[in-house]
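Report on the following structure.
Just so it is clear: chains get the letters A, B, ... in the order the sequence lines come, proteins before strands, and each one is counted from 1.
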Amino acid sequence: MRRLKRKFFIKNSVFVAKKLLGKIIIRRYKGEELSGKIVEVESYRGKDDAGSHAYNKKTKRNFLMFGKPGISYIYFCYGNYYLLNIVTEKKGNPGAVLIRAIEPLKGIKTMMKLRGLKNIKKLTNGPGRLTQALFIDKSLNGEDVTKSNKLFFIDNKERFKIKVTTRIGIKKGLEKKWRFYIAGNTFVSKN
DNA sequence: TCCCGGATGCCCT
DNA sequence: GGGCATCCGGGAT
């Protein structure tokens, strides 16, 4: 199985989001490999997407969305949580995919410790939860996931049915159905 | 099992 | 100073 390269992320954000479902996210933390299968994502774009951070101008927070694809865009949300996106589209066209849920695979014990949890069902079924389980914070903002050995993605061939809905937690851009998840998967954030 | 409110801090206007 | 791409716990059911 191969690491996802720049070419994978350079396309339309909605296309990349759907393609990311089923892929494996890997986080190396203190020499240990933590990993999971991506089961839920959302796509965000630019001027055509009122729900996106990049709808208006380039700012100190969102500038990575305007840059090179395959770079992590991590921001602090609601005072407590970090949310993980990967930049998509050609440089200059803002876009990103928000990783909303993963199915934990390797390093589950460590993830439980990081989350302070015993219940595996709530380990990684939400965008703020999975970053806590994988020890992802602002220090990984701007990481090139096509080169990094701290955070990257590998390919995985698998067939499944994709469900499509509106995005969660936003007030604008609700006309777009840009949330995608693997049908029937236990680790999807809301069923 | 669902619903509701509070905690929390950074970014943008 | 307002608004937020969230999560958790408590109380009702």
Base paired to C/dA5 (Watson-Crick or G-U; both N/O distances under 3.5 angstrom)
none
Regarding A/Lys122, tell me which of base, sugar-phosphate or nothing describes its non-hydrogen contacts under 4.0 Å with the strands shown.
nothing
Output the rounded distance in Å from CZ (A/Arg129) to P (C/dT6).
11 Å
Residue mapping more 5' on DNA chain C - nearest nucleotide basis, A/Lys171 or A/Leu117
A/Lys171
A/Gln132 atom CD is separated from C/dT6 atom P, nearest whole Å, by 15 Å
Mark yes or no for whether A/Arg167, through its side chain, and A/Ser43, through its backbone, hold a donor-acceptor pair below 3.5 Å.
yes
Rounded to whole Å, how long is the line connecting atom CZ of A/Arg100 with atom C1' of C/dT6?
9 Å
Rounded off to whole Å, could you give me the CZ-to-P distance for the A/Arg61 and C/dG3 pair?
15 Å
A/Asn80 has a side chain; which of B/dC11, C/dA5, B/dA7 sits nearest to it?
B/dA7
Inspect the contact between A/Asp144 and A/Arg6 and indicate whether a charged nitrogen and a carboxylate oxygen are less than 4.0 angstrom apart.
yes
For A/Ile168, report the nucleic acid contact type (base, sugar-phosphate, nothing); a contact means any heavy atom under 4.0 Å.
sugar-phosphate
According to a hydrophobic-cluster definition based on side-chain heavy atoms being under 4.5 Å apart (Ile, Leu, Val, Met, Phe, Trp, Tyr only), do A/Phe160 and A/Ile99 belong together?
yes
Write down the partner of C/dT13 under the Watson-Crick or G-U wobble criteria, each distance required to be under 3.5 Å.
none
Would you indicate which nucleotide in B/dC12, B/dT8, C/dC7 comes nearest to any side-chain atom of A/Tyr81?
C/dC7
I need the NZ-C1' distance between A/Lys172 and C/dG3, as an integer number of Å.
10 Å
Under 4.0 angstrom, heavy atoms only, what part of the nucleic acid is A/Asn85 near: base, sugar-phosphate, or nothing?
base
Base, sugar-phosphate, or nothing: which does A/Lys138 touch, judged by heavy atoms less than 4.0 Å apart?
sugar-phosphate
Counting any heavy atom closer than 4.0 Å, what does A/Gly79 reach on the DNA or RNA strands: base, sugar-phosphate only, or nothing?
base
Flag if over 12 foreign heavy atoms under 6.0 Å of CZ, A/Phe66:
yes
A/Asn119 atom CG is separated from B/dT1 atom P, nearest whole Å, by 11 Å
Rounded distance (Å) that lies between atom C1' of B/dT1 and atom NZ of A/Lys121
11 Å
Expected list for residues 129-136 of chain A: side-chain donor-acceptor pairs under 3.5 angstrom, two or more places apart:
{"residue": "A/Arg129", "atom": "NH1", "partner": "A/Asn125", "partner atom": "OD1", "Å": "2.9"}
{"residue": "A/Thr131", "atom": "OG1", "partner": "A/Tyr82", "partner atom": "O", "Å": "2.6"}
{"residue": "A/Thr131", "atom": "OG1", "partner": "A/Gly128", "partner atom": "O", "Å": "3.0"}
{"residue": "A/Gln132", "atom": "OE1", "partner": "A/Arg115", "partner atom": "NH1", "Å": "2.5"}

If you look at every strand shown and take non-hydrogen atoms under 4.0 Å, does A/Phe76 touch a base, only sugar-phosphate, or nothing?
sugar-phosphate
What nucleotide among B/dC12, C/dA5, C/dC7 has an atom nearest to a side-chain atom of A/Thr59?
B/dC12
Can you tell me the distance, in whole Å, between the CG atom of A/Leu174 and the C1' atom of C/dA5?
11 Å
